[in-house]
A.B. asks: 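After the C-alpha cells below, expect a handful of questions from me.
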Amino acid sequence: MNNNQIASLFREIAAAYGIKDEKKFYFQMLAYQKAADAIEQSTSEAKDLYDEGKLEELPGIGKTIALRLEELFKTGKVKHFAEIKKGIPEGVFPLLQVPKIGPKTAFKLVTILKLKNPQTVIYDLEKGAKLGKIAKIPTFGTKSQEEILNALAQYREGRTKSARMVLPFAYEIAGKVIDYMKKCKAVKQIETLGSLRRMVATIGDIDLAVASHNPKEVISWFGKYPYKERIIEAGPETSSFLTSGGKQVDLMVQPPEGFGALLQHFTGSKEHNIRLRTYALSKGLSLSEHGIKKGLKSYQIPTEEEFYETIGMQWIPPEMREDKGEIELAVKRELPKLVELKDIKGDLHTHSSFNIEPSHDLGGNSIPEMAQKAKSLGYEYLGLAEHNPSITNHTPEQNYHLILKRNNEIDRVEKTEKVHLFKLLEIDILADGQLALDEKSLSLLDGAIASVHSSFTQPKAKITERILKSLSHPKVRILGHPTGRLLNQRESLDADWPQIFKFCKEHNKALEINAWPNRLDLPDTLVRQALKAGVKIIIDTDSHAMDQLAVMKFGVAVARRGWATAKDIVNTQSYEKFRQWLLYNQV
DNA sequence: GCCGTTTTCGGCCCGACTGTTTTCAGTCG
C-alpha cells in the first residue's frame with residue numbers, strides 16, 4: 001500500500017468516526033485527518049519508514065496509529081478499522097470526494113436512497129436527484145438537491161476535493177482576476193492568500209484578499225467577473241465563483257485597518273495557524289481573521305508585520321508557514337534570509353532549437369534568441385543544455401561532430417551577444433547508470449546535467465545506484481529534475497535520497513530545482529532535507545522557448561519553501577565564481 | 001488519538017456561509 005492509498009484509507013476512518021458519533025470521536029477524527037496529511041506529505045514511503053522503525057517520527061503518528069499501520073503492512077487489513085466501518089455502507093466513501101458532500105450528507109444519502117454499490121453510487125445519486133428524490137429527504141430541499149446535482153456535475157469534470165492545479169496555472173488565473181479587481185475603485189489593496197501565497201506546488205482553490213471600506217461594492221464587482229461560470233456564494237464579506245474553466249476563486253474583504261489579520265489568517269497553513277494560535281493563547285492573546293483579542297478588548301491589525309510583532313515574533317515569509325519550526329525561530333528572531341528572484345545570475349538548463357538531433361525534444365528558439373532573452377532578464381550567464389544527440393541514430397563520431405558544430409555556434413553568439421554562455425548538455429542516465437554519451441564527446445562540454453528519462457520504476461536500490469554512477473563522472477555537475485515527478489501525472493521515483501545527498505555533498509555536485517510548471521522538482525520538502533545535509537542547489541527553468549525563462553520565479557519559490565538562502569544556490573554566484581564551481585575537479 | 005517552554009493528563013484554532021431548522025447542522029477553509 002502506498003502513501004496515497006494509506007492517506008485515503010485514514011480519511012475514510014476519520015469520516016467513519018464522524019458518522020458514528022461526531023461528539024464522542026471528535027479527536028480521533030482530527031487525529032486520523034492529521035495522520036493522513038502527514039503520510040501524504042511524507043517524502044518517504046510509510047512502508048519504508050515502518051521497515052526502519054521510524055513511523056513515529058512523522059508528526060501525528062503516535063503509538064496507536066503506528067500499530068495499526070504495522071497490522072496493515074503485515075496482514076493487509078486492520079481489524080479495528082473494520083470495526084469502525086461496520087454499519088457504514090461502502091457507497092458512502094466515494095461520495096466524500098464530491099465537493100459539498102461531507103460524511104454526514106453522504107451517509108444520509110446512501111442509507112435513505114439505498115445506494116449500495118460503491119462502483120455506481122455517483123451515477124445512482126445523480127439519477128435519484130434528477131427524479132427529485134433528494135428534495136423529499138428530511139433536512140434536504142430543492143435547493144440542496146440542486147446543489148448536489150451541481151457538485152456531481154463538477155465531479156464529473158474532474159473537480160474532486162483532492163484535484164489540484166499546478167502552481168503556475170493558478171498564478172495565471174489569479175493574475176487575471178486581480179487585474180480585473182484592481183479596476184474597482186473600492187479596492188484599496190489586493191493580495192493572494194492560501195497555498196497560492198505560500199507558493200505550494202499544487203493549488204486547490206484560488207483565494208484572494210481585498211482591503212476596502214466598501215465590501216458591498218467589492219463583492220458586487222467580484223460577482224460581475226466576465227469569465228465565470230456561476231457564483232457559488234456571496235455574503236457580506238466573502239464570495240466565491242467558478243471560472244469558466246471550472247476553477248474556484250474565493251474572495252474575502254476586510255477594512256484596511258484589519259487587513260493584516262485577514263492576510264495572516266487565510267494565508268495559513270492550517271498547521272502554522274494552529275501552532276501560532278496555541279502560542280498566542282499562552283500569551284493571553286486570541287487570534288482570528290478580524291484581529292487580536294486580549295481579554296475583552298479586540299484590536300484590528302493593519303499589516304501582517306504588526307500582527308506577528310504583536311504576538312512577539314518576527315514576520316514570517318509565507319513560504320515558510322508550514323509549522324516546520326519557523327515559529328520557534330521567529331520568536332528568537334533567527335529566521336534565515338531566503339533567496340530571492342533577483343539573486344539569480346543565470347539559467348543553466350535551457351534548450352535551444354539548434355538541431356543536434358537529440359534523443360528528446362528540441363527547443364523553439366535559436367541560440368542568439370535565448371541569449372538575448374537571458375541578457376534582458378539581467379543574467380550574467382546562460383547554459384545551453386539540449387538533450388544529448390540520439391545514440392541509436394548516430395555513431396559516436398557523428399555525435400562528436402554535431403556537438404562540435406553547436407559549440408562553434410555558441411562561441412559565435414557569445415561574442416556578438418556579450419553574455420557568457422556555457423556549453424552543457426542534458427544527458428540521459430541509461431537504465432544501467434551509463435551516460436548516453438561517450439568520453440570523446442563529453443570532453444567537448446563545460447559540464448553536464450544528468451537526468452533520468454526512462455525506467456522510472458526500477459527498485460529503490462537499483463535507481464539509487466544508477467543515479468550515483470552517473471553522478472560519478474567528473475563532467476556531470478548537476479542532477480536534473482531529480483525525482484522525475486510530473487505533478488498530477490507521475491509519482492516521484494523511489495530513490496535513497498539521504499544516500500544521494502551524502503554523495504552530492506562529498507563530491508560537490510548540485511541538485512537541480514527544475515522550475516518547469518508541472519515538475520517543480522526537487523520538491524520543497526526534499527530541498528529542505530538536502531540543505532540540511534549540506535548539498536548545493538541550482539535553480540533552472542528547463543526552458544524550451546525563450547519566454548519560458550520567466551518561470552524561474554516558481555523555482556525560486558520552491559527553494560524558499562525549502563528554506564534556501566542565496567548562499568545555498570550555486571547560480572546566485574557571479575560568472576567567475578560559478579565557472580569555477582562548474583569546472584570543479586574536471587581536469 | 002496525539003502531544004509537551006502549562007510534559008504523562010487534559011487539552012486540542014476560529015469563523016463564514018447556506019439551507020431549512022424557528023435555533024442549528026453541515027461544509028469549508
Side-chain angles (χ1 to χ4, degrees), chain A residues 10 13-15 17-19 22-38 55-56 58-69 80 84 95-96 98-109 134-148 150-151 161 193-196 203-209 215 219 231-240 248 250-254 261-262 264-293 298 312 323 327-328 331-332:
Chain A
F10 280 9
I13 298 305
Y17 269 125
I19 292 165
E22 190 181 8
K23 289 212 171 82
K24 188 173 166 193
F25 297 122
Y26 182 70
F27 295 107
Q28 279 84 346
M29 269 170 61
L30 290 188
Y32 274 95
Q33 273 158 12
K34 197 172 176 204
D37 291 341
L55 268 179
E56 289 186 53
L58 289 178
I61 309 285
K63 257 204 180 89
T64 309
I65 294 186
L67 277 173
R68 310 271 190 241
L69 281 171
H80 179 68
I84 298 165
L95 285 184
L96 297 176
V98 179
K100 305 273 177 187
I101 297 185
K104 305 285 180 58
T105 307
F107 184 69
K108 267 191 216 158
L109 290 170
I134 291 179
K136 292 186 190 130
I137 303 173
T139 77
F140 288 79
T142 49
K143 281 203 173 169
S144 39
Q145 177 168 278
E146 215 167 288
E147 191 174 77
I148 287 171
N150 258 329
K161 278 179 205 163
L193 295 170
S195 50
L196 185 54
I203 308 293
D205 297 333
I206 292 164
D207 300 321
L208 300 172
I219 299 280
I231 296 173
I232 296 169
E233 55 159 73
E237 52 189 40
T238 74
S239 177
S240 306
Q248 185 168 335
D250 300 334
L251 187 82
M252 341 254 159
V253 190
Q254 284 283 298
L262 176 74
Q264 197 292 318
H265 178 86
F266 285 105
T267 297
S269 65
K270 191 175 74 191
E271 292 74 18
H272 173 86
N273 281 0
I274 288 173
R275 174 64 58 103
L276 196 68
R277 275 153 216 285
T278 310
Y279 179 81
L281 279 177
S282 75
K283 305 269 167 196
L285 303 170
S286 167
L287 314 178
S288 82
E289 67 259 50
H290 300 295
I292 296 182
K293 268 190 226 162
S298 33
D323 188 26
I327 290 173
E328 291 76 1
V331 171
K332 290 192 276 181

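Residue numbering restarts at 1 for every chain, and letters A, B, ... go by the order of the sequence lines. From a predicted model like this one, the values you see are computed outputs, not experimental measurements.
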A.B. asks: Among the candidates dG19(B), dC13(B), dT27(B), find the nucleotide nearest to the side-chain atoms of Thr105(A).
C.D. replies: dT27(B)

A.B. asks: Figure out the NZ/P separation between Lys108(A) and dT20(B), and round it to whole Å.
C.D. replies: 11 Å

A.B. asks: Among dT27(B), dG1(B), dC17(B), which nucleotide has an atom closest to any side-chain atom of Ile65(A)?
C.D. replies: dG1(B)

A.B. asks: Would you say Ser286(A) reaches dC14(B)'s phosphate, i.e. side-chain N/O to OP1/OP2 under 4.0 Å?
C.D. replies: yes

A.B. asks: Okay, side chain of Gln248(A), backbone of Asp205(A): is any donor-acceptor separation there less than 3.5 Å?
C.D. replies: no

A.B. asks: What nucleotide, of dG29(B), dC14(B), dG1(B), holds the atom closest to the side chain of Asp250(A)?
C.D. replies: dG29(B)

A.B. asks: Please state how far atom CZ in Phe10(A) lies from atom P in dC2(B), giving the value in whole angstrom units.
C.D. replies: 9 Å

A.B. asks: For a quick test of reading the model: is some side-chain N or O of Lys293(A) closer than 4.0 Å to OP1 or OP2 of dG15(B)?
C.D. replies: yes

A.B. asks: Does dG1(B) have OP1 or OP2 under 4.0 Å away from a side-chain N or O of Tyr32(A)?
C.D. replies: yes

A.B. asks: If you assign each of Pro59(A) and Arg277(A) to its closest nucleotide in DNA chain B, which residue comes earlier from the 5' end?
C.D. replies: Pro59(A)

A.B. asks: Report yes or no: is the ring centroid of Phe27(A) under 5.5 Å from the six-membered base ring centroid of dC12(B), with the two planes under 30 degrees?
C.D. replies: yes

A.B. asks: Is there a side-chain polar atom (N or O) of Thr139(A) under 4.0 Å from OP1 or OP2 of dT21(B)?
C.D. replies: no

A.B. asks: Please state the P separation for the pair dT23(B) and dC28(B) - nearest whole angstrom.
C.D. replies: 26 Å

A.B. asks: In whole angstroms, how far is the C1' atom of dC13(B) from the OH atom of Tyr279(A)?
C.D. replies: 17 Å

A.B. asks: Yes or no on side chain to side chain contact (heavy atoms under 4.5 Å, CB included) for Ile274(A) and Asp323(A), after CA distance, side-chain angles and deciding distance?
C.D. replies: CA-CA 9 Å; Ile274(A) 288 173; Asp323(A) 188 26; over 6 Å; no

A.B. asks: Please give the distance between the C1' atoms of dT21(B) and dG26(B) as a whole number of Å.
C.D. replies: 12 Å

A.B. asks: On the nucleotide dT27(B), are OP1 or OP2 found under 4.0 Å from the side-chain N or O atoms that Lys100(A) carries?
C.D. replies: no

A.B. asks: So for atom CZ, which belongs to Arg275(A), do other residues, nucleotides or ligands contribute more than 12 heavy atoms lying within a distance under 6.0 Å?
C.D. replies: no

A.B. asks: What's the closest nucleotide to the side chain of Glu289(A) if the choices are dG26(B), dA16(B), dG29(B)?
C.D. replies: dA16(B)

A.B. asks: Please check the phosphate of dC13(B) (OP1 and OP2 only) for any side-chain N or O of His265(A) closer than 4.0 Å.
C.D. replies: no

A.B. asks: Provide the distance between the two P atoms, one in dT6(B) and one in dC13(B), to the nearest whole Å.
C.D. replies: 16 Å

A.B. asks: Relative to the ring of Phe25(A), is the ring of Tyr17(A) parallel (under 30°), tilted (30 to 60°) or perpendicular (over 60°)?
C.D. replies: tilted

A.B. asks: Which nucleotide in the set dC2(B), dG15(B), dC17(B) lies at the smallest distance from any side-chain heavy atom of Ser288(A)?
C.D. replies: dG15(B)

A.B. asks: Under a 3.5 Å limit for both distances, which nucleotide forms a Watson-Crick or G-U wobble pair with dT8(B), could you say?
C.D. replies: none

A.B. asks: Just by distance, do the side chain of Asp250(A) and the backbone of Thr238(A) share a donor-acceptor pair under 3.5 Å?
C.D. replies: no

A.B. asks: Rounding to an integer number of Å, can you tell me how far Asp323(A) CG sits from dC13(B) P?
C.D. replies: 12 Å

A.B. asks: Grab the CZ-P distance between Phe266(A) and dA16(B) for me, whole Å please.
C.D. replies: 8 Å

A.B. asks: Please determine whether a side-chain nitrogen or oxygen atom of His290(A) lies at a distance below 4.0 Å from atom OP1 or OP2 of dA16(B).
C.D. replies: yes

A.B. asks: Tyr17(A) side chain N/O closer than 4.0 Å to the phosphate oxygens (OP1, OP2) of dG1(B)?
C.D. replies: yes

A.B. asks: OP1, OP2 of dT20(B) versus side-chain N and O of Ser144(A): anything below 4.0 Å?
C.D. replies: yes

A.B. asks: Considering only atom C1', compute the distance from dT27(B) to dT20(B) and round it to an integer number of Å.
C.D. replies: 15 Å

A.B. asks: How close or far is atom C1' of dC2(B) from atom CZ of Phe25(A), stated in whole angstroms?
C.D. replies: 17 Å

A.B. asks: Taking atom C1' in both dT7(B) and dG11(B), compute the distance separating them and give it to the nearest angstrom.
C.D. replies: 12 Å

A.B. asks: Using heavy atoms to find the nearest nucleotide of DNA chain B for Gly235(A) and Pro103(A) separately, return the residue whose nucleotide is more 5′.
C.D. replies: Gly235(A)

A.B. asks: With rounding to the closest Å, how many angstrom separate the C1' atoms on dC14(B) and dT8(B)?
C.D. replies: 28 Å

